[in-house]
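Notes follow the structure.
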Amino acid sequence: MGFGFGQRRGGQLPAELTSFVGRADELAQVRAAFAYARLVTLVGPGGVGKSRTALRAAAGLGERFPDGVWLAELSALRDPELIPATLAAVLELPEQPGMAPLDAVVAHLQGRRLLIVLDTCEHLVDACAMLSDILLREAADVCVLATSRQPLDVPGEHCCPVAPLAPDDAVELFAQRAAGVVPGFTAHDGNRGQLLALAHRLDCIPLALELAAVRLRAVSMEELVARLDDRFQVLTGGRRTALSRHQTLRTAIDWSHELCTPAERLLWARLSVFAGSFELGAAEQVCGDGELPVGEVLGQLIGLVDKSVVQRLGESGNRYRLLDTLREYGAEMLGVVEADGGAALRARHFAYYRDLGRRFEEGFFGPGQPELHRTVRAESADLRAALEYAYETEGRAPEGLHLAARLWPHWRAFGALSEGGYWVEKGLGLVPDDCSARAWGLLVRGAFAVWTADLTTAVEQMDLARECAARAGDEDVEQFADAYASGLAGLCGDETGLDRLADVRRRMAERDSLLGLVVMGSEAALLRAVLGDTEGALELCAEGLELLEGTGERQIYGSTLTTQGLVLWLVGEREAGVASLCRGLEAASEVDEILVAAMCCHGLAWASARAGRHTRAAWLLGYAENARRLSGDPIAMLPSLMEQQEAARKSAREALGDKQFDRWHAVGARLSGRQVLEAVRADADTPGGPAAQRGSGRRAAGDVLTRREREVAVLVAQGLSNREIAERLVISKRTADAHVEHILAKLGVGSRTEIAGASEVAAEIAEIAGAAVEGRGCGAAG
């Protein structure tokens with residue numbers, strides 16, 4: 001099964017960074033419930049461990065879902081209208097022209113057997129309930145595992161309550177976390193009574209136990225129990241009456257808050273402004289000021305990590321997060337510690353993410369473009385929060401609209417035109433007067449319509465953008481809109497359209513507008529190819545590639561290479577065409593642009609079918625046709641390309657037979673863009689693709705894991721630490737360390753979190769490569 005490999009959508013299950021304790025009954029209940037229910041909701045109070053239990057349960061259900069387990073984390077999402085787009089992103093679905101994200105999700109899920117984990121639904125419970133109800137009714141083989149503080153109340157829902165831990169498990173959890181604070185700490189007969197008393201006082205709530213364990217840095221076990229007992233007696237008026245679980249957790253958090261220094265408390269409150277995870281640099285710039293100097297933020301952040309208030313993500317990462325419950329607590333404290341209620345803090349937060357959008361725009365033509373794409377994706381929750389702030393704050397709407405518009409390359413590569421359109425549309429409604437921000441918003445709305453084949457809307461919006469830009473004095477937007485309008489006119493039969501487009505590009509060249517030249521060059525090349533001017537299309541591609549060569553830009557470069565490859569194939573220069581498509585796939589994969597990758601795979605499938613490599617053609621067609629079905633049909637604009645498509649499909653099906661063709665087509669349909677790239681690289685006989693181009697990047701099938709390494713990889717994916725793996729396999733920890741290092745190197749991944757997905761990819765790619773080797777001998781497979 002697949003875990004939704006690839007960070008671009010965030011659908012993979014994260015590796016467990018700390019040990020998992022107890023919950024055998026809950027896990028068994030979830031497994032049993034899916035035998036007769038398709039929606040299972042884990043319900044319980046904050047801090048009780050719903051998310052952790054759901055992830056462990058989902059990992060154990062993989063064999064039931066051949067199309068994967070996909071995680072949608074909703075805690076950072078605030079707008080219920082974005083839930084369908086968020087799930088579409090998790091599932092790696094690009095845009096469907098004229099189709100709402102929810103409809104695209106349903107279309108994609110029909111016929112698939114997979115599990116969707118909706119984590120943290122309580123603040124969006126109505127929208128999550130509606131989504132779940134639709135999925136259950138319209139995608140018969142899809143199941144949903146949700147976590148919430150209250151049931152979704154959907155027909156057919158089975159609720160599994162997640163209660164506090166059993167006393168023995170609570171003691172074990174506390175002991176394990178305490179051992180991380182006090183090396184060598186264990187539960188034994190001498191302290192078990194104290195541990196049980198402590199667990200009882202904390203209602204066996206996991207978060208409360210973990211927060212209490214941190215105090216062992218400062219006090220002994222005996223003093224910890226005594227102090228905790230005193231605190232609870234004070235809160236209950238000296239009576240032994242049990243507090244409610246909500247009060248218990250709140251008391252534990254209060255206690256952790258008192259453990260913090262004043263500066264740590266201030267930082268805790270300020271960090272609550274982040275909707276998702278954050279980098280150290282963001283924390284410094286947003287949370288630092290005269291009261292908490294920027295240079296002191298790191299020290300206070302380390303203190304909060306040590307006290308288990310802030311989590312550090314990954315073993316060597318520079319990202320952090322607050323648990324939702326602790327974020328809520330910090331947000332409550334913000335109004336107490338900040339005289340302005342946090343207004344200045346929120347303004348700094350917006351400024352940081354506005355500047356991130358500016359850095360993304362300014363660094364677009366450079367070697368750092370792929371990393372900028374990854375950064376923007378990692379910060380998507382806070383970019384949403386920044387846009388919400390701008391649209392809700394008087395005088396900020398134009399800045400918000402400009403931010404949403406300048407992120408157009410992100411929305412396109414991420415396959416999130418619906419979400420991008422949502423923010424642009426919302427901003428245009430708030431910025432009715434002519435200005436540069438409105439002009440850019442209209443232009444981007446028109447470009448989105450072009451990319452989703454809504455030509456009527458595209459023509460209308462380009463005219464509006466051109467007029468608004470002229471009145472606002474924004475020559476960049478005016479030229480872009482003029483170029484698009486001219487091209488659209490040509491597509492609609494106006495013979496002067498292409499000449500007008502060429503004239504606009506000449507004016508762009510006079511102004512040294514590199515962005516305009518390469519974007520409109522790539523768009524114009526495809527347009528000329530559609531209209532039959534293949535020579536002109538190839539000239540525009542060559543010009544664009546020359547302009548981009550050496551800049552480090554990959555997104556438009558990949559798109560231009562793909563257009564070039566398809567046109568070369570049409571004019572009979574097939575080896576050159578396939579070489580361009582291979583290069584285009586490499587470039588597209590660097591920024592995870594799935595639509596460009598799909599178009600590349602169409603051409604590579606045709607080449608494979610022509611060479612008699614039919615298995616290869618089948619899985620390439622599977623990937624490309626699945627993406628095309630959900631993202632529009634650029635291939636359909638060229639009837640000659642559709643002829644190639646049908647010929648390749650017919651050839652592969654006749655050679656393989658219906659059963660094998662359908663099997664390999666389904667394998668391709670389940671792959672992500674990066675997995676396809678790995679598969680193409682692993683299949684070393686790519687027609688027309690230079691071996692030097694295939695030798696870079698991750699190694700997969702060529703470096704198959706040994707039997708022992710596969711055992712270790714499975715345990716890593718289950719969340720076990722190296723020490724726990726050593727104990728399980730009866731090997732030394734040093735040997736376990738070495739195995740994990742070898743696995744990371746062989747799979748070409750940088751963290752333990754990626755091992756589960758990469759192992760799946762390696763296995764599937766190995767199968768693809770093996771089929772290719774076996775098939776060449778008889779000519780039946782590729």
Side-chain angles (χ1 to χ4, degrees), residues 2-14 38-42 51 54-55 58 61 65 67-96 99-148 152 154 157 275-276 377 380-381 383-384 410-411 413-423 592 594-595 626-627 629-631 669-670 672-673 757:
F3 278 165
F5 173 77
Q7 196 274 333
R8 78 181 296 269
R9 295 295 183 258
Q12 74 274 16
L13 298 182
R38 291 173 48 223
L39 168 61
V40 178
T41 304
L42 298 182
S51 296
L55 295 179
L61 289 166
F65 300 101
D67 292 313
V69 178
W70 300 85
L71 170 63
E73 296 177 299
L74 304 179
S75 62
L77 194 65
R78 292 291 174 265
D79 194 326
E81 292 188 39
L82 293 178
I83 289 181
T86 299
L87 183 55
V90 165
L91 294 168
E92 299 193 342
L93 305 187
E95 297 295 319
Q96 170 81 358
M99 181 178 284
L102 179 57
D103 295 330
V105 166
V106 171
H108 173 75
L109 294 178
Q110 288 172 338
R112 282 178 163 78
R113 290 177 57 200
L114 54 78
L115 175 67
I116 295 171
V117 182
L118 297 179
D119 186 32
T120 315
C121 298
E122 57 267 6
H123 62 302
L124 300 165
V125 66
D126 291 338
C128 289
M130 183 187 72
L131 172 67
S132 299
D133 187 44
I134 291 172
L135 295 183
L136 295 182
R137 285 189 286 105
E138 300 193 24
D141 294 320
V142 169
C143 292
V144 177
L145 176 61
T147 71
S148 178
L152 301 188
V154 171
E157 177 184 25
R377 284 170 186 160
S380 59
L383 282 166
R384 288 179 185 136
H410 161 70
W411 304 124
F414 197 47
L417 297 186
S418 291
E419 180 173 353
Y422 170 83
W423 292 115
D592 289 326
I594 191 171
L595 200 31
N626 180 60
R629 178 177 67 86
L630 293 162
S631 62
R670 287 196 298 268
S672 72

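- The closest side-chain heavy-atom distance from Leu71 to Val90 is not below 4.5 Å.
- Contact between Arg38 and Asp141 at its shortest, heavy atoms only, is NH2-N, 4.3 Å.
- Taking all atoms of both residues into account, the shortest heavy-atom contact from Ile83 to Ala127 is CD1-CB, 3.5 Å.
- Nearest heavy-atom pair across Ala76 and Ala275 is CB-O, 3.0 Å.
- Considering CG of Leu135 and CG of Leu39, their distance stands at 9.5 Å, rounded to 0.5 Å.
- Taking the side chain as every heavy atom from C-beta outward, Asp126 and Met130 never approach each other to under 4.5 Å.
- Here the straight-line distance linking atom CG of Leu87 with atom CG of Leu131 works out to 6.0 Å at 0.5 Å rounding.
- Under the 3.5 Å distance criterion, the side-chain polar atoms of His123 are matched with a main-chain donor or acceptor of Leu77.
- Each of Val142, Val40, Leu145, Val144 was evaluated against Leu115; a single residue qualifies, Leu145, per the side chain to side chain contact (heavy atoms under 4.5 Å, CB included) test.
- Taking each heavy atom of Glu419 and Ala85 in turn, the nearest pair found is CB-CB, 4.3 Å.
- The OG atom of Ser132 sits 5.0 Å away from the CG atom of Leu118 when rounded to the nearest 0.5 Å.
- Residue Thr147 holds its OG1 atom at 3.5 Å from CG of Asp119, rounded to the nearest 0.5 Å.
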Please step through side-chain contact (heavy atoms from CB on, under 4.5 Å) for the pair Arg377 and Asp592, ending with a clear verdict.
CA-CA 11 Å; Arg377 284 170 186 160; Asp592 289 326; 3.3 Å; yes
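- Considering all non-hydrogen atoms of both residues, Ala129 and Leu152 come closest at CB-O, 3.4 Å.
- A pairwise comparison of heavy atoms in Tyr422 and Leu82 identifies CD2-CD2, 3.7 Å as the closest pair.
- Counting heavy atoms from C-beta outward, Leu109 and Leu91 have side chains that approach closer than 4.5 Å.
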Any chance you could lay out the side-chain contact (heavy atoms from CB on, under 4.5 Å) test for Leu114 and Val69, step after step, and finish with the verdict?
CA-CA 6 Å; Leu114 54 78; Val69 178; over 6 Å; no
